[in-house]
Amino acid sequence: MSQMSDKYDHTAVEQSAQQFWNDHQSFLAPDDTSKPKYYCLSMFPYPSGKLHMGHVRNYTIGDVLTRFHKMQGYNVMQPMGWDAFGLPAENAAIANKVPPAKWTYSNIEYMKGQLKSLGFAIDWSRELATCKPDYYKWNQWLFLRMLEKGVAYKKTQVVNWDPVDQTVLANEQVIDGRGWRTGAVVEKREIPGYYLAITQYADELLNDLDTLDQWPERVRLMQANWIGKSTGVRFAFPHDIKDESGALINDGKLWVFTTRADTIMGVTFCAVAAEHPIATQAAKNNPELAAFIEKCKHGSVMEADMATMEKEGLPTGFNVTHPITGQQVPVWVGNYVLMSYGDGAVMAVPAHDERDFGFAKKYQLPIKEVIKVGDKAFSTDAWQEWYGDKENGVTINSGKYDGLGYTAAVDAVAADLAAKDLGEKKKQWRLRDWGISRQRYWGCPIPIIHCDDCGSVPVPDDQLPVVLPEDCVPDGSGNPLHKRPDFLNCACPKCGKAARRETDTMDTFVDSSWYYARFATPGNDSAMVDKRVDYWMPVDQYIGGIEHAILHLLYSRFWTKVMGDLGLVKYREPFKRLLTQGMVLNHLFSRRSDKTGIEWFAPEEVTLQHDASGRVTGATANRDGQPVEYGGYGTMSKSKRNGVDPNAMIEQYGADTSRFFMMFTAPPEQTLEWSDAGIEGSYRFLKRVWNFGNTFASELRGKLPATRTLATAKLPDNLASLRREVHLLLKQANYDLGKQQFNTVASACMKMLNALEKAPRDNAIAAEVVEEAFGILLRVLSPITPHITHYLWDALGYGRDILSADWPQPLDAALVQDEIELVLQVLGKTRGSVKVPAGADNKAIEALAIASEAAQKFMEGKPAKKVIVVPGRLVNIVC
RNA sequence: GCCGGGAUGGCGGAAUCGGUAGACGCAGCGGAUUCAAAAUCCGCCGCCGAAAGGUGUGUGGGUUCGAGUCCCACUCCCGGCACCA
């Protein structure tokens, strides 16, 4: 049994607990057990060097849930791995002339030590790193299966090309249109690359969002918007516009997509994107149009910019034929039409589309009303919201379509277009296929061999993995694999002739798209996954940052569905419940100087100034006493010097204090504002827990009777109310844990301690009540602060291992009371309280309430017209 | 511009179904202890008021015996974005 020391020595306590967990292999999750499983996963980190506070928060949330479920009897798996491929390793290699592999592996070692010092209940036997061949072999294997199924395919892609370094740049390496290292103007180049046809799964990815009822609503919405389904009609305006060779452009059809086919009789012009072939052709003899097109191509493509930007256009001089009326319709080039969406052209109905309306007014184009909403009067003077109403509108001025509602009109128009072979109903997706080729060294090699005779040949399965050499040092000028004949040169699997290996590697989102499934099947080198996934998957709880709400989560869902279609897994969705934690913020202090620009100050380098009420009014730098500018809270970042080092925190206050502070200060989904005073407060609380442990050991434990009597004893009032309070707080904490609202769980623990510190200590029954209550407190607190609670649980004789103790449940016997206090209201205003017997019926309560002194005073002699009794809560007298 | 979320003391936040607004903590103030300080402990702490009481959850209205919570309109803040036809 551990010994109690007078003072809380967090270092000794935490080392002792971690030693115990290590000796007893406390966090191993056995496979194939009859127990119900709980798979708790936090997004694995990129091994950038050291943990930041965002990681600490993320993994603390996961650890609280892990320990809570372990104590509830689940077989819990909480694994950890490393998202180890990526650009930062190459940048570090360029800077330090160290191979990315070496840098990555040493970072992993260091960060693993940090995770252990925080006491996370991680099953390290399942650790994986995506840069190891035994992992990425299966990226390659699945990619080959996708090729066979037609889910993976090759096409040209546009990339950023640095002409000086002769290399492809990632978007983040392009700064203001120039290469980050060379400063050279970046060019657009078209090169071949591999794509995954995620659009084949668009329908399922969208529909299955409905099954993810334990995901945050906003994440599901973001995914739905990203997939972007719209149903409408794709149809063509016939034309005879020819290109220079005399051939009809697009076979004489201008294709458009519309969700408002019901307004087709209101079309007064068409608009095409600047890159559209008709625009290109029209610009040939029209310098003004050519200049306009060039301007459009350089314009912003950000939606927010575009939404407020002036709609501009120029006529092409060409006409197309309206497919229903046969009338001629002029074609314009519009800066608001995107080539990348649909066919890069739209029909314009100024009367019923706000953007078309504005455009038509600006360029004096005709506006033709074709939808009537009720008896509202249409006017071309100004746009009204209801012009675009499709629910309540009826077609007018539309010939044979007159008098139809939205759905009927769309159906009728689509049928006529189909009869003329000029169009059909169609679903349109915003989602595009996923390009996975990266012209980078530090990634998973794409398993393809290029042969002069046979073309691109997949690497046969028995030659997998294609192993990436780990000793290359990139220098920024292109992919170092190009200088590695031992990697490049190989035999064509088809014809045996000398051939060349593909040097492109896969997007690192591939690595993270299925790692959660591999955690369930560690060590299997003959299969990607095995039957153990049927037990562990899907992940019961996934925790990570909101920044992954779209890409990572969507790719993982897609990858799961592909694996499912290949018969590898039975589940269709990988993550049952999702928690997106908020960011960690800290104060920002800066000073602007003409010489050096903005200088940032770390929070410990300044002194805050407060006014009398405690409000922050300013700050001064410690080094010169001069004022600095206080910039409020911002995300922790190296450049702004407001980061907090987890190691320093652990050393000064301990892992438990850091964990407690993170859980207590804000609910998990909200941003968390760092505060030195706040962490002091958390430390103070843990010291008080420790001190109460000492009090219990010295003043109460000796008074405990050999046979406990608590279950049957009639308690004096003060002890009964203490016991009731603790059990009520326990009930609250259990409820909040279900809601994953950990801040109020922490506060319930503080309230329990506040109550315990006031408890009587002078007799055996008091000792029993305190023993039970402190045991509850230690267990409820243990998922948040596992070390101190482990130590006290052992030292105070509760048991050897708190993690294997049962989670406490509130007892009905502890909650009952003879008399209850109800809030007393007169005319809805609180006027005091009234005590009634626990079993009193409404009539009795009404009588007691009216008779009370407070009620008599505020009723001013009027009779009660009505009395409302809310059982257990309040009584309101209306008079 | 569109979509989503939000606004509660000096601060972080609490309030499960519409039922005592401000739990818990931080900061601040007063006191005890100390030669002194730190640490610790006790007390006070939305606003107006001497008190009784009044008032108060971004603004304006509404529903209700009763609204932070529900409804309508508005303001501001945060996150996301694709002029998506």
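What you are looking at is a predicted structure, and each value in this text was computed from that prediction instead of being measured. The figures here come from the full heavy-atom set of this structure, side chains too, leaving out hydrogens, waters and symmetry mates. The sequence lines fix the lettering, A, B, ..., with proteins before strands; numbering per chain opens at 1.
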**Q** Consider the side chain of Y735(A), meaning its heavy atoms from C-beta on, and name the nucleotide among U16(B), G19(B), C83(B) that approaches it most closely.
**A** U16(B)

**Q** Please report, rounded to the nearest Å, how far the P atom of A38(B) is from the NZ atom of K687(A).
**A**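 After rounding, the reported distance stands at 14 Å.
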
**Q** Roughly, in whole Å, what's the span from NZ in K866(A) to C1' in C65(B)?
**A**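 It is 5 Å, rounded to the nearest whole Å.
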
**Q** Is the terminal nitrogen or CZ of R831(A) (NZ for Lys, CZ for Arg) located under 6.0 angstrom from the six-membered ring centre of F858(A) and within 45° of that ring's axis?
**A**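 Yes; both conditions hold, so R831(A) lies above the ring face of F858(A).
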
**Q** How would you label the glycosidic angle of G9(B): syn (within 90° of 0) or anti?
**A** syn

**Q** Just to confirm, is there a sub-4.0 Å distance from OP1 or OP2 of G13(B) to any side-chain nitrogen or oxygen of Q670(A)?
**A** yes

**Q** Would you call K843(A) and E846(A) a salt bridge, taking side-chain N to carboxylate O under 4.0 Å as the test?
**A** no

**Q** If you take atom types as modelled and just measure distance, does the side chain of N335(A) reach the base of C83(B) with a donor-acceptor pair under 3.5 Å?
**A**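 Check passes, donor-acceptor contact within cut-off.
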
**Q** Any side-chain N or O of K829(A) below 4.0 angstrom from OP1/OP2 of U55(B)?
**A**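 Yes, because at least one side-chain N or O of K829(A) sits under 4.0 Å from OP1 or OP2 of U55(B).
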
**Q** Report yes if at least one side-chain N or O of N743(A) is closer than 4.0 Å to OP1 or OP2 of A14(B); otherwise report no.
**A**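 The answer is yes; a side-chain N or O of N743(A) sits under 4.0 Å from OP1 or OP2.
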
**Q** Taking atom C1' in both A21(B) and U57(B), compute the distance separating them and give it to the nearest angstrom.
**A**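 Between the two C1' atoms, the distance is 7 Å.
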
**Q** Find the distance R831(A):CZ to G53(B):P and express it as a whole number of Å.
**A** 8 Å

**Q** Tell me the interatomic distance from M750(A), atom CE, to G12(B), atom C1', rounded to whole angstroms.
**A** 12 Å

**Q** Roughly, in whole Å, what's the span from CZ in F257(A) to P in A85(B)?
**A**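 My rounded result for the distance is 7 Å.
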
**Q** Please work out whether the ring planes of W434(A) and Y555(A) are parallel, tilted or perpendicular, with thresholds of 30° and 60°.
**A** parallel

**Q** Just to confirm, is there a sub-4.0 Å distance from OP1 or OP2 of A15(B) to any side-chain nitrogen or oxygen of Q741(A)?
**A**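 Checking Q741(A) against A15(B): at least one side-chain N or O falls below 4.0 Å of OP1 or OP2.
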
**Q** Measuring to OP1 and OP2 of G25(B), would you say a side-chain N or O of N754(A) lies under 4.0 angstrom away?
**A** yes

**Q** Measure from NZ on K857(A) to P on G53(B) and round the result to the nearest Å.
**A** 4 Å

**Q** Under 4.0 Å, counting only non-hydrogen atoms across every strand here, what does R218(A) touch: a base, just sugar-phosphate, or nothing?
**A** sugar-phosphate

**Q** Please find the pair of heavy atoms, one from Y683(A) and one from H10(A), that lie closest to each other, and give the distance.
**A** OH-ND1, 3.3 Å

**Q** Check this for me: does any side-chain nitrogen of one of R234(A) and D343(A) sit under 4.0 Å from a carboxylate oxygen of the other?
**A** yes

**Q** If the cut-off is 4.0 Å, is R234(A) near the phosphate of A85(B), judged by side-chain N/O to OP1 or OP2?
**A**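 The answer is no; no side-chain N or O of R234(A) sits under 4.0 Å from OP1 or OP2.
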
**Q** Just the rounded figure in Å: distance from C1' of U20(B) to CG of L822(A).
**A**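 So the two atoms are 11 Å apart, to the nearest Å.
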
**Q** For the pair made of CZ in R355(A) and P in C2(B), what is the distance, rounded to whole Å?
**A**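 Between P of C2(B) and CZ of R355(A): 13 Å.
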
**Q** Would you indicate what T744(A) reaches in the nucleic acid, counting non-hydrogen atoms under 4.0 angstrom: base, sugar-phosphate, or nothing?
**A** sugar-phosphate

**Q** Can you find a donor-acceptor pair, distance only, under 3.5 Å between Q825(A) side chain and G19(B) base?
**A**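 Counting by modelled atom types and ignoring angles, a donor-acceptor contact under 3.5 Å is found here.
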
